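We use all heavy atoms of the structure for the numbers below, so side chains are in, but hydrogens, waters and symmetry mates are not. Because the structure is a prediction, the values reported are computed rather than measured.
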Amino acid sequence: MKTGYDVIIRPIITENSMDMAADKKYAFKVAKEANKTEIRKAVEEVFGVDVAKVNVVNVSGKRKRLGRTMGTTSSYKKAIVTLTPDSKEIEIFQDM
């Protein structure tokens, strides 16, 4: 059985994601096999918040040069979680 920490790999901290945090939207890198229901339960369990909506994006790996040969970076799944208006904020994003 998966725990919330197995589903959520790490938060995504970028300039765009910090702007979304003002609207109570947070971005996380999640496990590839996780679905929206598992992501919702994991965020509610780990951070103790109420989730209104979950959007999922499959990010494909980019091509990179490795000397003479071409390689790719690893692909991953990104989840954008929207909290309810009466929910508290996630503390990780408030310290930035």
Side-chain angles (χ1 to χ4, degrees):
M1 183 169 165
K2 292 185 204 177
T3 64
Y5 295 100
D6 293 333
V7 175
I8 299 172
I9 297 173
R10 67 178 180 89
I12 297 176
I13 308 293
T14 61
E15 187 174 347
N16 190 14
S17 68
M18 298 311 293
D19 291 340
M20 289 190 316
D23 299 330
K24 290 195 174 185
K25 292 184 180 182
Y26 302 99
F28 296 98
K29 183 176 180 180
V30 296
K32 282 188 179 182
E33 63 275 358
N35 58 27
K36 289 184 178 185
T37 308
E38 291 173 343
I39 295 167
R40 175 189 301 265
K41 289 179 182 176
V43 171
E44 289 176 349
E45 173 190 335
V46 171
F47 298 108
V49 295
D50 295 326
V51 176
K53 184 168 74 168
V54 177
N55 294 334
V56 177
V57 179
N58 285 315
V59 181
S60 59
K62 296 180 182 177
R63 296 188 64 171
K64 297 288 183 179
R65 287 290 305 237
L66 300 170
R68 293 184 183 186
T69 60
M70 291 294 289
T72 57
T73 59
S74 60
S75 58
Y76 61 95
K77 186 179 272 191
K78 177 169 68 171
I80 300 172
V81 178
T82 305
L83 304 182
T84 58
D86 57 341
S87 177
K88 67 176 187 169
E89 298 177 348
I90 297 177
E91 294 85 18
I92 293 174
F93 291 89
Q94 301 308 315
D95 297 337
M96 301 294 163

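No donor-acceptor pair under 3.5 Å is formed between the side chain of Arg63 and the backbone N or O of Met70. The main-chain N or O of Lys41 is never found under 3.5 Å from a side-chain atom of Glu44 such that the two would form a donor-acceptor pair. Using modelled atom types, one side-chain atom of Lys24 and one backbone atom of Ser87 make a donor-acceptor pair closer than 3.5 Å.
Here the straight-line distance linking atom CG of Asn35 with atom CZ of Arg40 works out to 11.0 Å at 0.5 Å rounding.
Pairing each heavy atom of Val56 with each of Ile39, the nearest pair is CG2-CD1, 4.0 Å. The shortest heavy-atom contact between Ala31 and Ile9 is N-CD1, 3.8 Å. Between Met20 and Ala27 the shortest heavy-atom distance is CE-CB, 4.3 Å.
Dense packing is recorded around NZ of Lys29, with more than 12 heavy atoms of other residues, nucleotides or ligands lying under 6.0 Å away. Within 6.0 Å of the CZ atom in Arg65, the count of heavy atoms belonging to other residues, nucleotides or ligands exceeds 12.
Each of Val57 and Ile13 belongs to its own hydrophobic cluster when Ile, Leu, Val, Met, Phe, Trp and Tyr are linked at side-chain heavy-atom distances under 4.5 angstrom. Taking hydrophobic clusters as Ile, Leu, Val, Met, Phe, Trp and Tyr residues chained together by side-chain heavy-atom distances below 4.5 Å, Val7 does not share a cluster with Val59. Note: the hydrophobic cluster containing Phe47 does not contain Ile80 (ILVMFWY, side chain heavy atoms under 4.5 Å, direct or indirect links). In terms of hydrophobic clustering, with Ile, Leu, Val, Met, Phe, Trp and Tyr side chains grouped at heavy-atom distances under 4.5 Å, Ile12 and Ile8 are assigned to different clusters.
The stretch residues 70-83 participates, sequence neighbours left out, in these side-chain hydrogen bond (donor to acceptor under 3.5 Å, both in side chains) pairs: Lys32-Ser75. Sequence neighbours left out, the pairs with a member in residues 7-18 that pass side-chain hydrogen bond (donor to acceptor under 3.5 Å, both in side chains) are Thr14-Ser17.
Between Phe28 and Ile90 there is a side-chain heavy-atom pair separated by less than 4.5 Å. Considering only heavy atoms from C-beta on, Glu89 comes within 4.5 Å of Tyr26 through its side chain.
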### Task
Start with the C-alpha gap between Val51 and Leu83, add the side-chain angles, then the distance that decides, and say whether side chain to side chain contact (heavy atoms under 4.5 Å, CB included) holds.
CA-CA 4 Å; Val51 176; Leu83 304 182; 4.2 Å; yes
